[in-house]
J.: 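Before I ask anything, here is the structure I am working with.
Chain letters run A, B, ... following the sequence lines, proteins first, then strands; residues in each count from 1.
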Amino acid sequence: MRDDTLLLTDASESRTESVGVAVVIPVFRHSVLLTEAIESVLNQSADFPVWLVLVNDGCPHLETDEVCRAYAFSHPDRVIYLRKPNGGLSDARNHGIRHVLDAIPSVSAIYMMDADNRLRPMAMARALAELTLHPEADWIYPNIDMFGLPWSGDYGGDYSLLLHTQLNLCEAGSLIHRRVFEAGVFFDTTFKSGFEDWDFFLTAAEAGFRGRNLENFGFLYRKRGESMLAESERESAVIKGEMQRKHKALFTPRRLAELEQVEAPRFAIHLIDRQEVRLTLDPESGLGQTVSIATYQEMWWRARTAPSRYSVPPILLVTRSDVLERLKAARLLHSAFWLLERQLSDQCFAALDLTEAKDQRISLSIDTVEGKAGLRAEMVMIRPEILREVCDDSATLWLEGLSGAVCAVPVGVVRLSAPGLRPVAPEATGFRARLRRFLPVGSEDKLPDTAADTVDVVKQLRDSPFKAAVGRSWDWRNPDIDWRQRSHLVTRVVTGARAGYPRVGDGRVHVGFLLPLVEFGGVERVALNIAQALTRAGFVPHLFVLDSQCCQVDADWQTAFASVTFLAEQDFATWSAASELYLGTPISQWSRHGNHGNVVAMLGWLDVALNFHGGAISGVMGKLRRLGLRTGISLHLSDLTSTGRQVGNTYNGLAYEHAYDMFLPCSQNLADWCHAMGVPEEKIVPIPNAPSFALTKPRTLRDLGAPASRSNPLRVIYLGRLDTQKGMDRLAATMARCKALNLPIKWRIIGKSVVHASEIHPEIAERIEPPLTTPEALAAAFDAADVFFLPSYYEGLPLTVLEAMRQGVVPVATNVGAVSEVLRDGQNGILLSGPDIVGDAVAALDRLASDPALLQSLSRCGQLDMQGRDWDSAVSGLRKRLNQA
Amino acid sequence: MLPGKIRGFHLTAIFELSDTSEANLPTPAPGLPVLIVMPEDQAAATALSLPVRLVVALSSGWQDDGGHPLGLDEVNLHALGVLILSNDAQVTADRHTDLWKTTFGSKVPPSADLSRTEGDRRSSVLEWLVECFASLQQRMARRTVAQARELSVLRQQHETTQAAFQRLEAFVYHHRLTERYLHDTLAPIVGSPVLVMEPGSNLSQRVPGSSCGLSDIALRIVNGPRPRSGSLDCVLHSADQGEDLAHWQIPAAYLLEGWLRLALEAALDADPLGLELRLTWNGDAPLRLETAIAHPDPRFRPLLDGKEQTHVPALQFWHFIPGARAPLSAGGIPPAGQSSALRERRSRRMEISAISEAVNLDTLRTDLQRFQDSDALLVHVLPDRLAAAILRVPDGGARQISATICTQHRNAPQIEYAIAVLPVRLRPTTLRAEPDFPDSLHSGWVRIRPMRSSQVTLIIDEPLDEACDVYMMTRLIPGQQSDAYGWSTFSNLTIQF
């Protein structure tokens, strides 16, 4: 019950041998009914003292004073009468509590009573006995038995802080151990419109204290048509908002997920091969519980019989242990669970279909199969309401439609393809293994039919003998914790998502990398290298693909990221329609007004979220920041419009500057720009680019030998995306003019074209080689070059320049972006800054071809400049920030 | 301090007003009324030897004349007024007024300003105190009068309610709405395990559903070897009240196969409670109880000698008007240890299931039928002789027996009805032998027309100590020959003890 990790003070230290209870009754405008409350306290049957503290909270009724005074005179040994200026219910309670703490050291617990309620004679004896019997409990709260307007509410079952965030399940009329107040927990006097008790107990719970329900407490609540509670209910939205703000740390998806994992696990994972059920929120967490199928069935029906009291994982999921293992190895386990649960919003069932990828790619698609085809799945998730309906139904025909030749029930199928996801046939054991010898070849390879397994699992559950207990009225109190059976929706309230992300923290710092797509672009390579560097530093990076349903993941990616998640949100687009501009850069409608629920859920559990050119995702960063995440935006360059105006992620970042804790420019040049544009200096944490891949063997300084000639031409390489930004026209013109001048140059063009074939100059087209994806191939390409040519119109700090210099390849590049930050003209390369880029480029190449000493000098200087330039150094500033509490 | 001491002091103070001798003054004690004085006046006030406690008002709080700080509760509760004896104290008193308002949120108690009073200041203070007490007395008198008036209003309302309730009760009894009704059954299930209570075993079972109106609980005993000695103790316990609501002690002889119905004298009232049924079996052989369903909630599983059992015992629950007494059923076992008053007022209502067990005097067999599935027993009138149903009275000591009678066909002849009682040992053993009833044990014949409902009542002045039978009899009126449509019935057989 007690969350010791949050305990501020060691309760055992403050525990005393004192025995006795003080009942604090604040009085304001209840001068007549008060006597019933007082008499019920004086009538307590207990073998310990019960003091009564009447706090007249500046009640304007003279009668209140007279009644209190009369009882104080009549029972001077038991009744204490305090009077104070009006300060509200909380203030009056605190006044009474403080008096008890100061004046009656023998009191071990204080009971909060309203002036118009009553207690049964055994109430205090029973409550204190419960508190004593359960030292892990810090307050004992009652069920609510109302008189006046009679009604009884059951608030029993294990105390759950998770549910307490959504429901005021602890009535103020609780017996609270002295240690709670001694730890500094009091009623908040700013809560004057009600729910001050809710706030009090949440504060206590945040301080590590826990409550316990006493079923037959003996608390009687006077219910009338109009009351303070009724007023509170009318203003509940405002008060709840206030509460959420006050208990910010509690109302975060991360904290709620932690509570959900411990108090009300969301998933019952029925493992067919192991014949056991794992109860957990996070499928990878070791905090889950594993039970037998019989135990699970009993739990399920128990929760059906007393839904307010007992939790059972709301979502049943049928699969096999090897499926979980394969998903885990592919870093897709959490993502798969999340995507499946999201399907349950619209579908009765969600199914996961896994296939082995033929290349190094992960891809996702989502569709339905009802009425179209049979369901092939390795995991089936069932919507909670459907499971209940199916179990109540005596017929199974509808359910059997799940595993029919053509699926006849609504199923959302999530199809994931990735390396290592190949379905495997279950290993035969026992009789089945012996039987295999007699079966036709191939018959033993039959893949498991999880749809059919699911039907069997549900039928077994439905046929449980415990089913007979449902439908009868066992408890006379009304079940009133309806959230108990909807515990999986709690995080959705905070995020607005269709499903909370099923992951809990583990004490490490989890860093989300948000990328619109993952291919071989520079931004992706920077993200990868930062992730690798952070991993080496002990952080845990996770990859989130925002605007694509497939991504390239080679071995480096697999090791750099602990998980891969696709947002798979149809409404999201990195750059979508915009009706507003910030400094000329469009701010997407999704960013400003879209439904961010799923994104908040997907990222809310993280410690840090870093946006790598995610465009519209900036619109969510403020929400994430309010949930306690640290946010950052990685900036690489400003794009240029056709008229040469700067636009893009840099400006988008400025528009949301308030939502970011960190700006992570890839160069000092860009860092200066950010500051100049209004980003506070403290927020700017440069991560200067470094070569994006490691060399497998160390390189010595390069010896470039004799001048270029026909037989020994200058080897010039262009390596990168083939698009207009990169200066394709300049490249083609340079090549043509060099050819016309008959310069001894051998050109090599490597990269993927992103423009139409007709836009590529024939000079280039005939030389294009496909992109290189491995470090070895890239290193070999640079090894086979003397000069790296990059005539871009705009850049950030290109990785290829750094990689070329590292291997002694002399860069000849336009002076754009932060190129000049590393490329010093005439010292470690040639910087093309003049108006005639092509002319300057041709002249430079001519000089380099004819002057091997210059080439050698520039090469060596570049190589020396790049020594020590690596990503571990680059992220040092970020590391420092992330390590700050 | 004991209650009443304050009042005692009032009197003392008033009586002593005329006594100015300091030596005779009582010593002020803690808890006595308090006069607040300013520090400047402390010495002068002490010198007055007033029969009250003096409390000195400081800028931050209050202390007694010995310099000890006083609790705010004590100051607020006991302060009678503020005494000002000097001009300097007047200024301090203004500050004290602010302190009082800030601390207690109420007006400062009245003050006696004697700063300009010459002469006997003590007498002046005492006069002022008398005024204070007189004012207090007047206020309390007004309060007492108001409360007395309110009580009289409530008393009148109570009388009205009582009268209305009495009429309602009469209506209920007149219309025979006194049957405890079966509210719920946890039926035994074939194949469910049997709860075996070994001698000395305890079994506890939480009672499902609402306690509101609960009048009877029944357990079901399995067919099998019957224990021959010992007894079953049953307790109905309320966790909310922390007490046992009823206790039954049932000898082994009563533990027959079938439902064992534990009856409360009165249905539990409208205030719902959590209940638990606790059984202890002390007998010479195991007692076996039938079970109903398996329950997934441990709270509703029986504990047999502390061990949780999966299956809930088969149970039946009867209800009646909450808080009201209803006649016991024929098979209902009343609680043990009733007060004699309750025992005297006890009554039993014989349901149709019990009446149907009656022996037919004509055949000496239990072949009498219910009338058309109603709650009435058909004791069809015979053309030439007495027709009677003979039923064993559950307990001895019956004082009054009554039944509703009705001839259920409009073409029936006029029929006479009667009830009589005889010791069981005198029950006829030969066919058509008509018993000879003493007048004191015979109700006399009641003649009714067809389709008219009436009642026949037997009042027994000297109840029989031994086991008795009740005879429900019908006959044709003299001169009638045909028993055609003679659908003469008895129902609502009620026995008052």
Side-chain angles (χ1 to χ4, degrees), chain A residues 45 53 56-58 62-63 65-66 68-70 72-77 80-87 99 102-103 120-123 125-126 145 147 150 152 156 215-218 220 297-306 309-310 464-470 472-477, chain B residues 1-7 30-31 71-78 100-106 136 139-140 143 146 150 183-184 186 189 191-192 206-212 214 238-243 270-276 292-301 310-312:
Chain A
S45 171
V53 180
N56 183 338
D57 188 27
L62 178 62
E63 188 181 22
D65 183 58
E66 289 179 354
C68 292
R69 203 171 276 274
F73 276 128
S74 302
H75 301 274
D77 52 342
I80 296 165
Y81 174 40
L82 304 175
R83 187 161 184 172
K84 63 180 280 296
N86 179 252
H99 183 88
D102 290 344
R120 293 187 193 278
M122 293 296 292
R126 287 174 51 74
D145 298 335
F147 63 100
S152 293
E215 188 170 2
N216 299 305
F217 190 110
L220 300 169
Q297 290 176 348
E298 187 175 333
M299 286 176 72
W300 196 86
W301 285 106
R302 185 183 307 149
R304 286 295 309 278
T305 311
R309 287 191 151 255
Y310 298 109
S464 163
F466 294 116
K467 182 180 179 180
V470 175
R472 300 186 68 93
S473 179
W474 294 96
D475 282 296
W476 53 272
R477 291 189 179 92
Chain B
M1 189 170 69
L2 297 172
K5 191 159 184 182
I6 293 295
R7 183 172 297 174
L72 297 181
D73 53 329
E74 204 174 345
V75 175
N76 171 55
L77 187 62
H78 296 291
W100 185 276
K101 284 181 182 167
T102 313
T103 307
F104 299 116
S106 60
L136 184 64
R139 207 166 71 223
M140 291 180 72
R143 174 72 60 207
E150 289 161 10
H183 177 76
D184 198 5
L186 281 167
I189 294 176
S192 281
R206 184 191 179 106
V207 177
S210 172
S211 69
C212 176
L214 181 74
S238 160
D240 301 72
Q241 298 185 338
E243 62 181 35
D271 182 18
L273 301 169
L275 299 175
E276 185 177 277
I293 59 170
H295 207 295
D297 186 346
R299 293 178 305 141
F300 287 97
R301 289 176 172 173
T310 316
H311 286 68
V312 182

J.: Under a plain distance cut-off of 3.5 Å, with no hydrogens placed, do A:Tyr81 and B:Asn76 share a side-chain donor-acceptor pair?
T.: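 Judged by distance alone, the side chains do not pair up.
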J.: Among the options B:Gln241, B:Glu243, B:Arg143, pick out the one with the most heavy-atom pairs lying under 4.5 Å from chain A.
T.: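 Most heavy-atom pairs within the cutoff with chain A belong to B:Arg143.
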J.: If we only count heavy atoms from C-beta on, is the A:Arg69 to B:Leu77 side-chain gap below 4.5 Å?
T.: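 Touching, per the 4.5 Å side-chain cut-off.
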J.: Using a cut-off of under 4.5 Å for heavy-atom pairs, which of A:Glu63, A:Arg120, A:Met299 has the most such pairs with chain B?
T.: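 Sorted descending by pairs with chain B, the first entry is A:Arg120.
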J.: Of the listed residues (A:Thr305, A:Leu82, A:Asp475), which shares the most heavy-atom pairs with chain B below a 4.5 Å separation?
T.: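 It is A:Asp475.
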J.: Among B:Gly242, B:Ala239, B:Ser211, which has the most heavy-atom pairs under 4.5 Å with chain A?
T.: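 Going by pairs under 4.5 Å, I would pick B:Ala239.
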J.: With a 4.0 Å cut-off, would you call A:Asp65 and B:Arg139 a salt bridge?
T.: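 No, no charged N to carboxylate O under 4.0 Å.
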J.: Relative to chain A, which segment of B:Phe300 carries a heavy atom at a distance below 4.5 Å: side chain, backbone, both, or neither?
T.: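 Looking at B:Phe300, just its side chain touches chain A.
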J.: Are the side chains of B:Pro298 and A:Arg302 in touch, meaning some heavy atoms are under 4.5 Å apart?
T.: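 Counting from C-beta outward, B:Pro298 and A:Arg302 do come under 4.5 Å.
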J.: Non-hydrogen atoms of chain A under 4.5 Å away: do they reach the side chain of B:Ile189, the backbone, both or neither?
T.: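 Neither part, no heavy atoms under 4.5 Å.
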J.: Tell me, for A:Arg309 versus chain B, whether the close heavy atoms (under 4.5 Å) come from the side chain, the backbone, both or neither.
T.: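 The side chain, not the backbone.
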J.: Ignoring hydrogens, what is the shortest heavy-atom contact between B:Ala294 and A:Ala469? Give both atom names and the distance.
T.: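 Nearest pair, atom of B:Ala294 first, then A:Ala469: O-CB, 4.0 Å.
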J.: Considering only heavy atoms from C-beta outward, does the side chain of B:His295 approach that of A:Trp301 to under 4.5 Å?
T.: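 Answer no - side chains too far apart.
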J.: Is the shortest side-chain N to carboxylate O distance from A:Arg472 to B:Asp184 below 4.0 Å?
T.: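 Judged by the 4.0 Å cut-off on N to carboxylate O distance, A:Arg472 and B:Asp184 do form a salt bridge.
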J.: Do the side chains of A:Glu298 and B:Thr310 get nearer than 4.5 Å, heavy atoms only?
T.: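 They are not in contact (no side-chain heavy atoms under 4.5 Å apart), so the answer is no.
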J.: For the residue pair A:Trp476 and B:Gly209, what are the closest heavy atoms and their distance?
T.: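 That closest heavy-atom pairing would be CD1-O, 3.3 Å.
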J.: Tell me, for B:Ser106 versus chain A, whether the close heavy atoms (under 4.5 Å) come from the side chain, the backbone, both or neither.
T.: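 For B:Ser106, heavy atoms of backbone and side chain both lie under 4.5 Å from chain A.
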J.: Quick one: CG on B:Asp297 to CZ on A:Arg304, what's the gap to the nearest 0.5 Å?
T.: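 Reported to 0.5 Å precision, the distance equals 14.0 Å.
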J.: Side chain from CB out, backbone as N, CA, C, O: work out which of these in B:Leu72 comes under 4.5 Å of a heavy atom of chain A, or both, or neither.
T.: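 For B:Leu72, neither part sits under 4.5 Å from chain A.
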J.: Using heavy-atom distances under 4.5 Å, tell me whether A:Ala306 contacts chain B through its side chain, its backbone, both, or neither.
T.: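 Just the side chain, heavy atoms under 4.5 Å.
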J.: What residue in A:Tyr310, A:Trp474, A:Phe147, A:Phe466 has the most heavy-atom pairs under 4.5 Å with chain B?
T.: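 Winner by heavy-atom pair count: A:Trp474.
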